[in-house]
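Counting begins at 1 with the first residue of the sequence. Both backbone and side-chain heavy atoms feed into the values below; hydrogens, waters and symmetry mates do not.
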Amino acid sequence: MSALIFANPAILFGLIALPVIWWLLRLTPPRPKAEVFPPLRILATVLKREETPSKSPWWLTLLRMALAAAVILAIADPVMNPRANSLNAGGPLVLVVDNGWATAADWERRVQTANLLIDDAESADVPVSITFTADASHEAVPGTAAAARDKLTAASPKPLVPDRARAAQAVQEAMNGTRPGTLAILSDGMAAGSDNDAMSTLAALSPAEMRLIEGDGHSAVALTDAVNNAAAMSVTATRLSTASAQQMNVNALDAQGRALASGTLQFAAGSGTATAEIASPFELRNDFARLSIDGLATAGAAHLLDDGFKRRRIALLAGESGSDFQPLLQPLYYISRALLPYADVIQPNTADLSVAIPQILQGNPSAIILADVGRLPSETYAPLQRWIAQGGTLIRFAGPRLAAAPADDPLVPVILRQGERALGGAMSWSEPQSLADFPSFGPFAGMPRAADITVTRQVLAEPTPDLAERTWASLSDGTPLVTEKEVESGRIVLFHTSAEATWSNLPLSGNFVEMLRRLVQLARAGGAASSGGATDAAAATLAPYRLLTADGILTTETGTARPIAIAANQVPVASFDHPPGLYGTEDGFTAVNLLAPKTVIARFDPTTAGRPLVREGLAGGEAVSLRPALFAAAFALLILDSLVVLFMNGAFSRGPGGRRRTSGAATAAIAALAFGLFSFMPGQSQAQEMAPGAGAKPGDEQILERLDTTHLAYVVTGERDVDGISEQGLEGLSQFLTYRTTLEPGAPVGLDITKDELSFYPIIYWPISATAPMPSQAAISRIDAYMRNGGTVLFDTRDQYSSLDGGGTTPNGERLQAILANIDIPPLEPTPADHVLTRSFYLLTNFPGRYTGSPLWVEARQEAKNTGAQLSSSGDGVTPLLITGNDFAGAWAVDSQGSPVLPTVPPDEMQREYAYRSGVNIMMYMLTGNYKADQVHVPALLERLGQ
């Protein structure tokens, strides 16, 4: 109930004088009014009856009575809801004071409240016991009021959650059976995990009176989590007071305390949690060092960020681009979707690894992922190794290309055996292998083993003494699945299976996402040579570096804080020994925040004590003095009375002349200066429509013609006779295609592979000549990129022999091996009898040219080889390269009359016919892919449609 007292009640006797004041005011008339004396005005008022009032008007008297009453009441100092001294003197005063993080905002009022209680105890001559729930140690033995005041003065808020149970236990031991008179709990209003034990312990003391003193709780707002998503940062907060809607701003600060971005927390009425989005670029978000709520200076309103919070920039590269129409078969499909929630994924805009890798390294990514990339361009090994040594993380996935790569690759963590281990192979399993339990020393430690993950193919590691130490995951038969090697400040990690679901179903599982997330967290957030955080796989013990005060300020004073052991992939939580702050060193640290993620603040419930409690508010909030309001009212009445008197005495009357002066002719109006816009004068090029072709760049017509018509292309070697045969051969094949098929190619095109655009042509014929200049590494890299993007190169050594089958080596064959040495080629095999090439248009059993006997080498079909399925190559099935020694162009070449230029060896026109048919099948295969192979599914489809 509301109450009202007067601090000086004797002053109220002055109200008795109000009737006397009324009588005096009624007898005192206003001052006579002065009249002006103009001649005409005196004539106008000559008949006016002059009256002088004998007493003041009643309303003026009432105004002055109210003024006098307000002054008397203000001097008497009325106080609403005054505080009364009602301590129970039957025992000591026990004060249990919360001094956690939420009390920092109103700590002075809490000290004032406690001081008033101590004063009351001193007046009643009872001892005082005072305990602070967020202190590490307690001295709760009752003592004098002066000693209690000293403890209160020395106390301060702590950036911790109160532990009321430990404080209550200390009070119980200190009282030693003595029954308290008044037990007062100065609570921060928030529930803690040990409240039931605390209230039971305090109730067991059987105090004569229990009080609960709380504040309003409006400052009890805390940040609990921050997630750095792909487009923005999501910040979660919780609050204590949920009665009304509330809006607060969250600022993101850098290491120097400068605000870089902000978001808005919108708490709905009745809701205790809210989320803010801080949208800013990826690079700017990685500069965030802490978050703080605007207008609140508490440890809960601050959220520290470390290296683990920063989003990593991950670059993805694949051995082949795959088909956009079959995304599930693309080598980077599952990797990119697993990493997008946790990292910023970048992919180069070119498939040329000699160009793509330097571009990626310029961006200094945290990690680079290579999916089935076997042989890299020779000039990229040195910069990649430097990047790894400076702190970069290279993650590789196996595949056919890596299985066929040289064994001395410096960018793999272990020595690999040539070939792969698969079901039905030479090194085969009787059944698919499952995962083994993850070891305790790797980043995957603590992850549950997924029994449904099976692996059907892998690349094997050669046994070495340290293989077990480098194995982070293995299969049930003990063979490694994930291995690693540290290279100075960086590391190389290898998955011994593929990144898509052809070798295992690992990419389809949630374990794949978690494994990649943990590997990405191992990578340094700023890339190589950046300051890394304490994110080692094993547990690390870190000393306190900067600690957070209760006001949310970082300080170098570490006090009694102890080093903290932070296990991998665990979020540390603040405690008495490890208060919130940064642990580690300037080069790398881990943030320990006040509250754990997903924490929701709840109200403190004291009813578990089972005893009646008296609820009160903090001092300075409930008692309200009316003196300022009464003095303000008296001053306002005084001003109003003065104005009335001035008006009645003619202070506001008109001057001589009796008329208001009005302005004569108005001065000239201010003309607005119009900033006229100049007339828009469209030029001749704007007034007329652009003529066709206007603005076109040189070479555009040629590009349009290349796109509109299919052309056969050949590599210009620089030798006139070789290039002439290539041009005549492709011209002859074009004429045969026009005559026998619906395809009508344009004129053959000679290509300079160092500068011409290669993507316009479905296939490029490359005649190998040992006497021609050796192509540059840049030109070879462009060919490699062309094949990665879906193009095909037909290499023809023109010598009837091929060194790929282990036979003798010719000069042209040696030149071909030198060209392919820096190209990441897949495993090859002679064209199988059931390959699409044998039936794409004609039914063929071999592929002769000017010569016969040399096989046509194509990409090895992994699925068909290992499963027996009648399918062509993986994906859409177009091999990136064809190799022959049969001199196709020599057999196809015709002169201007359409006659053959070169004879076949041996002379046989049917051999030339089959050479043309081989060319037709190759072209149809390039343009249709696995269309013919898909026909094997037609019976099953028709049967299903019939159902």
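Taking 4.5 Å as the limit, every side-chain heavy atom of E500 sits out of range of all side-chain heavy atoms of P507. For the pair V459 and R417, the minimum side-chain heavy-atom distance is 4.5 Å or more. The closest side-chain heavy-atom distance from I768 to F795 is below 4.5 Å. Contact check for T502 versus T456: no side-chain heavy atoms found under the 4.5 Å cut-off. Taking 4.5 Å as the limit, every side-chain heavy atom of S498 sits out of range of all side-chain heavy atoms of D372. Put simply, the side chain of I753 reaches to within 4.5 Å of the side chain of W766, judged on heavy atoms. With contacts defined as side-chain heavy-atom distances shorter than 4.5 Å, the pair Y914/L844 qualifies. You'll find the side chain of L506 stays beyond 4.5 Å of the side chain of V455, heavy atoms only.
A centroid separation of 6.0 Å or more is found between the aromatic rings of H496 and F397.
From L856, atom CG reaches atom OG of S918 across 8.0 Å, with rounding to the nearest 0.5 Å. Between the CG atom of L370 and the CG atom of L316 there is a distance of 9.5 Å, given to the nearest 0.5 Å. Atoms CG and CZ, from L733 and F736 in turn, are 8.5 Å apart once rounded to the nearest 0.5 Å. The distance from atom CG of L494 to atom CG of L416, rounded to the nearest 0.5 Å, is 6.0 Å. Taking CD1 from I357 and CD1 from I368, the interatomic distance works out to 7.0 Å, rounded to the nearest 0.5 Å. Annotation: the span from E859 atom CD to T831 atom OG1 amounts to 12.0 Å, rounded to 0.5 Å.
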Derivation and outcome, side-chain contact (heavy atoms from CB on, under 4.5 Å), residues L460 and T479: CA-CA 7 Å; L460 287 175; T479 56; 4.0 Å; yes
Report the C-alpha distance between L882 and V793 in whole Å, list the side-chain angles of each, state the deciding distance to 0.1 Å, and finish with yes or no for side-chain contact (heavy atoms from CB on, under 4.5 Å). CA-CA 6 Å; L882 301 167; V793 180; over 6 Å; no
Derivation of the side-chain contact (heavy atoms from CB on, under 4.5 Å) call for Q735 and V894: CA-CA 10 Å; Q735 294 177 11; V894 295; 4.2 Å; yes
Applying side chain to side chain donor-acceptor pair (under 3.5 Å) to Q911 and T852, what does each step give before you reach the verdict? CA-CA 8 Å; Q911 181 177 326; T852 186; 5.2 Å; no
Using the side-chain contact (heavy atoms from CB on, under 4.5 Å) rule, take I922 and F888 through it: C-alpha gap first, then chi angles, then the decisive distance, then the call. CA-CA 11 Å; I922 290 173; F888 282 159; 3.8 Å; yes
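Residues passing the side-chain contact (heavy atoms from CB on, under 4.5 Å) test with A821: none are found, sequence neighbours excluded. Under the side chain to side chain donor-acceptor pair (under 3.5 Å) criterion, T754 pairs with D752, sequence neighbours left out. Residues forming a side chain to side chain donor-acceptor pair (under 3.5 Å) with E913 (at least two apart in sequence, or on another chain): R740, R917. N505 is linked by a side chain to side chain donor-acceptor pair (under 3.5 Å) to nothing, counting only residues two or more places apart in sequence or in another chain. Not counting sequence neighbours, T350 has no partner by the side chain to side chain donor-acceptor pair (under 3.5 Å) test.
A donor-acceptor pair under 3.5 Å links the side-chain atoms of T792 to the main chain of T879, judged by distance alone. Side chain of S854 to backbone of G885: a donor-acceptor contact under 3.5 angstrom is found. Side-chain atoms of W892 do not come within 3.5 Å of backbone N or O of Q728 as any donor-acceptor pair. Of the possible polar contacts, none joining the T838 side chain to the D834 backbone as a donor-acceptor pair under 3.5 Å is found. Side-chain atoms of N921 come within 3.5 Å of backbone N or O of Y842 as a donor-acceptor pair. At least one donor-acceptor pair closer than 3.5 Å links the side chain of N886 to the backbone N or O of F847. Between the side chain of D887 and the backbone N or O of R850, no donor-acceptor pair lies under 3.5 Å. Using modelled atom types, no side-chain atom of S726 and backbone atom of Y714 make a donor-acceptor pair closer than 3.5 Å. When atom types are taken as modelled, the side chain of Q897 and the backbone of S899 share no donor-acceptor pair closer than 3.5 angstrom. Using a distance-only test at 3.5 Å, with no hydrogens or angles considered, no donor-acceptor pair links the side chain of D352 to the main chain of A785.
Of all non-hydrogen atoms in P383 and E379, the two that sit nearest each other are CD-O, 3.3 Å. Across P762 and T710, no two heavy atoms sit closer than the pair CG-CG2, 4.3 Å. Closest non-hydrogen pair, S769 versus R798, comes out as CB-NH2, 3.6 Å. Looking at every heavy atom in both residues, T380 comes nearest to S354 through CG2-CA, 4.0 Å. The two atoms that bring S734 and L712 nearest to each other are OG-CD1, 3.5 Å, heavy atoms only. Residues S504 and T497 approach most closely at OG-OG1, 3.6 Å, considering heavy atoms.
The existence of a salt bridge linking D409 and R396 is confirmed by a sub-4.0 Å separation between a basic side-chain nitrogen and an acidic carboxylate oxygen. A salt bridge between D784 and R788 is present, with a side-chain N of the basic residue lying under 4.0 Å from a carboxylate O of the acidic one.
A donor and an acceptor atom, one from each side chain of D799 and T797, are located under 3.5 Å apart.
Applying the salt bridge (Lys or Arg N to Asp or Glu O under 4.0 Å) test to every pair with at least one member in residues 714-728, sequence neighbours left out, gives no pairs at all.
Heavy-atom neighbours of I415 CD1 from other residues, nucleotides or ligands within 6.0 Å: at or below the threshold of 12.
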